[in-house]
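To keep things clear, I will list the structure first and then write my remarks on it.
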There are 2 protein chains.
Amino acid sequence: MTEIQSLARGLKILDLLGQASDGISITELAETLKVDKGSASRLVSTLARYGYAEKDEVTRRYHLGPQVVGLSRSVLTRLPLREAAKSYLRQLMERTGECAHLAVPAQGKVLYIDQVESPATLRVNAEVGTMNPLHCTALGKALLAFGDVEIPGTLERFTPRTIKSKRTLQGHLEEIRRIGYAVDDEEFDPGVRCIAVPIFDFRDKVIGAIGISGPSTRITPERLPQLAVMVVEIGKALSERMTFTR
Amino acid sequence: MTEIQSLARGLKILDLLGQASDGISITELAETLKVDKGSASRLVSTLARYGYAEKDEVTRRYHLGPQVVGLSRSVLTRLPLREAAKSYLRQLMERTGECAHLAVPAQGKVLYIDQVESPATLRVNAEVGTMNPLHCTALGKALLAFGDVEIPGTLERFTPRTIKSKRTLQGHLEEIRRIGYAVDDEEFDPGVRCIAVPIFDFRDKVIGAIGISGPSTRITPERLPQLAVMVVEIGKALSERMTFTR
DNA sequence: AGTCATAGTTGGGCATTATACAACGTCATT
DNA sequence: AATGACGTTGTATAATGCCCAACTATGACT
């Protein structure tokens, strides 16, 4: 017994509450988790007592509570990478004209922890806290290619270009390692191309990735190489910076 | 038995992890929560398995995991108030030249859910996710005066000006109701003054508060009334907006 | 309005689960 | 090399949380 059942159930409920935008009812929770209604009721009310869940008295559905926002702040402000990356993100945005993103691996996904928005009207936003799949995003593939992140079991398809074969992906990652940067060529969002590179710390361990995202009309195959040079360059600078942090 | 013990303990651990900036060891956790080391170990490893905690293999101390960042996003994007308030916050900042903040009540505190920073070099930042006390902040007092938020049991002192008597606070809130806005006159941060008003929804229920914060040197007693007029005005507009939301 | 149906909460017996205690392994420090 | 501190793991026990069921509240439909 190395996993505490009721805590695990509570955490699963938090996950579910996070996914459902319009709240979840007790019965839905009970069904999804395959637990008794009574148990579900007690679990959520415990979550609610500590501010992690909130009950809408009208609809009797539960939402995530505000407590988690407070928690997330402590996570973000603690990350040395985030602080260090601020100016590099800004540079990247200014030099490329596209939104720049910073991400770390989390739970088999890529988690966006910072963003500098481009002033362009048409731009690709990714709010802090967004979690996207690894296999079809530039940031994710940078992590896969250079880090010790596992390739997910199933590769979900999002667009016609999404790589769905593990074999193909392996070869693709090989190529990424060779050229030094990862490209997402409309593999997640149609009409969106991204370029990303990994960030290393003092042990040459991959701790995150940095990159840009923009509409395919601006990040054209012709412009891509020169944009990639900038991303690589700034990524290298940030990695060097992280080498001497702490 | 309406509270699930082990879940509650897990949540308390999350709180502790959120407060400690440099991680917590198992023994510290066990002592603080007055549980066995073994239990603490199992609880945290469950948290870790689901991404809510993270173990620093070097120091063997635990941090909050990245998972909570993902959760917080769903909270923030769900709040209709936050979306609606964006442009009002910006207006407020532009017209007053000070940082504008948006907050909601949470767990007997005031939780900052959005901010528009002023371009001034000297400015009062409050990052999203910050939780401050109710009785000594303008936003908090606005919530207390107009909302159904309880006055906390103990009124902690932060500066010489902090109101620490419940009676005095009651009268002060009365005054706030009369004039329509709340002021924090260096009651939380020395050298910082704030002005805030409550935001009402379609039922005339207080759902949050909006306000500005700045150095006392700029928000002087002389300028205060005219600044307050702007805050009141924009607050009224936002409340009206929220009346027709949904 | 009255009845029915659905959903959420509460109570109690019981088995599973989490706990406390202790031993072990690991690492750092002297 | 030895000691000490810390985290993890094993195990018996009893307390905890689970299941089932009854109860309550709320809303729908006639």
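Throughout, a chain's letter reflects where its sequence line sits, starting with A, and its residues are numbered from 1.
- A donor-acceptor contact shorter than 3.5 Å links the side chain of B/His135 to the backbone of B/Glu156.
- Nearest-nucleotide mapping onto DNA chain C: of A/Leu7 and A/Ser25, the residue sitting toward the 5' end is A/Ser25.
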- [ ] Give the C-alpha distance, both sets of side-chain angles, the deciding distance and a yes or no for salt bridge (Lys or Arg N to Asp or Glu O under 4.0 Å) between B/Asp184 and B/Lys141.
- [x] CA-CA 8 Å; B/Asp184 156 18; B/Lys141 292 196 286 188; 5.7 Å; no
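- Between the side chain of B/Arg61 and the backbone N or O of B/Asp22 there is at least one donor-acceptor pair closer than 3.5 Å.
- Listed nucleotides C/dG8, D/dG17, D/dT8 differ in distance to B/Tyr62; the shortest reach to its side chain belongs to D/dT8.
- Residues B/Arg73 and A/Tyr112 form no side-chain contact, since every pair of their non-hydrogen atoms from C-beta on lies 4.5 Å or further apart.
- A/Ile4 has its CD1 atom 18 Å from the P atom of D/dA15, to the nearest Å.
- In this structure, the side chain of A/Ser41 does not engage the main chain of A/Lys37 through any donor-acceptor pair within 3.5 Å.
- Under 4.0 angstrom from either OP1 or OP2 of D/dT8 there lies at least one side-chain N or O belonging to B/Ser41.
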Open item on the list: Wobble G-U and Watson-Crick pairs count when both distances are under 3.5 Å; given that, what is the 5' to 3' dot-bracket string of DNA chain D, with | for pairing to other strands?
Closed with: ||||||||||||||||||||||||||||||
TODO: Classify every nucleotide of nucleotides 20-30 of chain C by which part a protein heavy atom approaches to under 4.0 Å, writing B for the base, S for the sugar-phosphate alone and - for neither, in 5'-to-3' order.
DONE: BB-----S---
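- No side-chain heavy atom of A/Ile24 sits under 4.5 Å from any side-chain heavy atom of A/Gln19.
- Between B/Gln67 and A/Met131, the closest side-chain pair of non-hydrogen atoms falls below 4.5 Å.
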